Q: 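Below you will find the structure I want to go over with you.
Just so it is clear: chains get the letters A, B, ... in the order the sequence lines come, proteins before strands, and each one is counted from 1. Please read all numbers here as calculations on a predicted model, not as lab measurements.
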Number of protein chains: 2
Amino acid sequence: VSAISPDGPASPAFPFAKIELAAERLKGHAHVTPVHTSRELDRLSQSQTFLKCENFQRTGAFKFRGAFNAVSSLTAAERARGVLTYSSGNHAQALALVGQLFSIPITVVMPNDAPAIKRAATAAYGARIISYDPDRITREQLGGEIAAREQLTLIPPYDHAEIVAGQGTAVREFLQQAPGLDLLLVPCGGGGLLSGSAIAAKALAPQCRVVGIEPELADDATRSFRTGVLHTVHHPPTIADGTRTPSLGTITFPLVRQYVDDMQTVSEDAIKAAVRFLFLRMKLVVEPSGALGIAVLLSGQIRGPGRIGVVISGGNLDPATAAQILPEP
Amino acid sequence: VSAISPDGPASPAFPFAKIELAAERLKGHAHVTPVHTSRELDRLSQSQTFLKCENFQRTGAFKFRGAFNAVSSLTAAERARGVLTYSSGNHAQALALVGQLFSIPITVVMPNDAPAIKRAATAAYGARIISYDPDRITREQLGGEIAAREQLTLIPPYDHAEIVAGQGTAVREFLQQAPGLDLLLVPCGGGGLLSGSAIAAKALAPQCRVVGIEPELADDATRSFRTGVLHTVHHPPTIADGTRTPSLGTITFPLVRQYVDDMQTVSEDAIKAAVRFLFLRMKLVVEPSGALGIAVLLSGQIRGPGRIGVVISGGNLDPATAAQILPEP
């Protein structure tokens with residue numbers, strides 16, 4: 001099986017069966033998250049818009065899907081030795097919970113300047129946390145060293161086929177709940193959710209355009225997508241902390257190029273306005289990265305007509321960020 | 001048809017058929033709001049807890065149900081002349097939207113110190129707003145004068161049989177979504193939601209205990225319930241602004257006495273902790289009045305075992321209140 005990328009050589013297709021298998025594994029463990037709608041949003045976007053609310057997923061973000069699927073795919077021996085990851089965000093919490101559910105030891109490598117609230121949430125699920133100084137060593141280096149020394153299996157936040165497959169289950173589910181979508185808007189950080197979503201959409205709704213959304217301040221994936229060359233951006237000062245990844249991965253970059261139709265960027269103000277709209281009008285707690293698709297719609301960069309699906313990727317909006325965003329500018 | 005109140009004379013029962021009729025009228029107009037659950041809440045409350053999310057109702061609160069039902073019950077001539085209410089809160093917004101849907105003129109009498117955000121939201125639905133100085137005249141006096149002069153029909157926020165019937169549809173719906181509840185926790189302001197909920201529960205799930213929840217600082221209904229004498233409280237300084245009503249009404253007081261099993265009060269700190277839990281753990285935007293039932297559970301005043309239903313009455317949490325509540329104390 002292969003697919004032709006529009007301006008590159010044929011690359012092997014990602015088998016949709018991996019997403020189907022992931023969905024089987026997740027049954028009864030991940031929440032079937034609800035789809036919300038809003039007359040006001042429909043009016044503003046001149047479309048029928050459907051929000052896939054992964055902020056209601058376990059640990060507050062889609063990351064639970066990939067983490068659960070990746071751990072499910074390990075052998076009993078690998079599980080017994082334990083799993084390591086590097087993340088200061090939602091993947092760390094998700095993997096820590098999955099470790100608790102499978103009763104396997106989880107190690108998380110986290111920068112020493114990670115927010116205390118995220119460190120505490122990860123520790124609360126029983127994970128071992130190893131801090132490092134990001135000015136002295138990269139998380140990949142340190143994580144690799146510890147994993148090798150302790151024979152732990154590395155499950156990175158996005159650049160992993162089983163992570164991609166797990167994240168793809170959200171859109172597989174979404175297309176059953178909201179069939180006939182013309183357009184799907186998906187946040188893009190490292191590209192795990194975006195590529196999984198696009199693979200699922202192309203298999204189940206081939207007529208549906210898939211557009212990845214990034215903050216303007218962290219537009220590495222958009223530039224990589226357009227040029228075919230991997231761009232990186234370091235410590236981008238965007239409020240959307242889930243998209244502060246340096247670049248797409250070696251697995252996700254070709255998948256995004258192959259399966260995604262387009263990329264769009266949004267301003268910081270548009271992201272904040274989207275979080276505010278979701279809070280005040282739709283009563284949904286959504287973190288900035290999770291609001292990227294709504295930012296594109298409310299800013300008028302994309303409009304209807306048609307049926308537009310938006311993946312709301314997470315709801316881990318911390319109180320300080322909420323207090324900064326919610327008052328009118 | 002009559003029912004015996006435990007320590008008073010028999011009073012005529014409120015016909016459940018009025019709630020059934022209201023549900024018919026609301027079909028396709030009110031949202032069927034979702035029920036959310038939380039493993040963490042179940043663990044903390046030692047129960048299976050179900051949240052009826054009326055924060056996702058139109059205009060962000062259950063009030064849409066009563067307002068729509070009350071306007072539906074008017075004659076064409078009454079509708080053409082228009083409707084008046086007094087409210088600075090969710091009932092005003094709900095009635096204003098209902099007026100828009102029915103294309104009938106709505107007048108809202110609002111104190112001149114009402115929050116600008118609530119005034120703007122009501123005006124945005126096209127209602128005429130009349131301000132008054134609460135130190136010089138009561139809203140009942142002014143509203144009565146204007147209604148008489150302009151031949152408007154008064155639809156008060158809670159003390160009205162069709163309002164009670166409309167609010168009762170939320171629990172009628174809830175008991176279909178979460179059958180077999182042992183206990184139902186319902187916020188209490190003027191008693192419209194509480195009495196409607198209790199009437200529906202006693203008709204559909206007679207074994208289910210119904211408990212009304214008030215802030216300690218606004219415990220007039222609790223004292224009225226216990227003593228059989230109507231107590232009032234003026235401008236109580238509770239953060240739960242939906243419960244700042246002075247007292248139960250002439251219709252709702254006997255209904256609460258007759259149908260409700262018990263009343264409980266909660267502290268301001270417990271209310272804030274509940275709003276915070278709903279935000280941080282369940283990703284739900286809930287206003288303080290809407291969080292009263294969760295406050296009772298998290299503070300340990302009521303525990304399981306059993307199946308506990310909680311009515312989350314509204315989500316109109318304004319940014320300033322959110323910024324005050326969300327940071328850890």
Q: Give the member of A:Leu280, A:Leu284, A:Leu278, A:Thr59 that has the highest number of heavy-atom pairs under 4.5 Å with chain B.
A: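 Ranked by heavy-atom pairs under 4.5 Å with chain B, first place is A:Leu284.
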Q: How many angstroms lie between atom CZ of B:Arg58 and atom OG of A:Ser38, to the nearest 0.5 angstrom?
A: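 These two atoms lie 10.5 Å from each other.
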Q: Using every non-hydrogen atom in the two residues, find where B:His29 and A:Arg39 come nearest and quote the distance to one decimal.
A: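 It is O-NH2, 4.3 Å.
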Q: What closest approach, in Å, do B:Leu326 and A:Ala322 show between heavy atoms, and which atom pair accounts for it?
A: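 That closest heavy-atom pairing would be CD1-CB, 4.1 Å.
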Q: Measuring from atom OG1 of A:Thr37 to atom CZ of B:Phe56, what distance do you get when rounded to the nearest 0.5 angstrom?
A: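 Nearest 0.5 Å value for the OG1-CZ distance: 11.0 Å.
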Q: When rounded to the nearest 0.5 angstrom, what distance separates CG in A:Asn55 from CE in B:Met282?
A: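 Interatomic distance, A:Asn55 CG to B:Met282 CE, rounded to 0.5 Å: 11.5 Å.
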Q: Sort out for me which residue in A:Ile312, A:Leu317, A:Asn316 forms a side-chain contact (heavy atoms from CB on, under 4.5 Å) with B:Lys283.
A: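 In the set A:Ile312, A:Leu317, A:Asn316, the residue that makes a side-chain contact (heavy atoms from CB on, under 4.5 Å) with B:Lys283 is A:Asn316.
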Q: Just wondering, are more than 12 heavy atoms of other shown residues or ligands nearer than 6.0 Å to CZ in A:Arg281?
A: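 It does not: A:Arg281 CZ has 12 such atoms or fewer within range.
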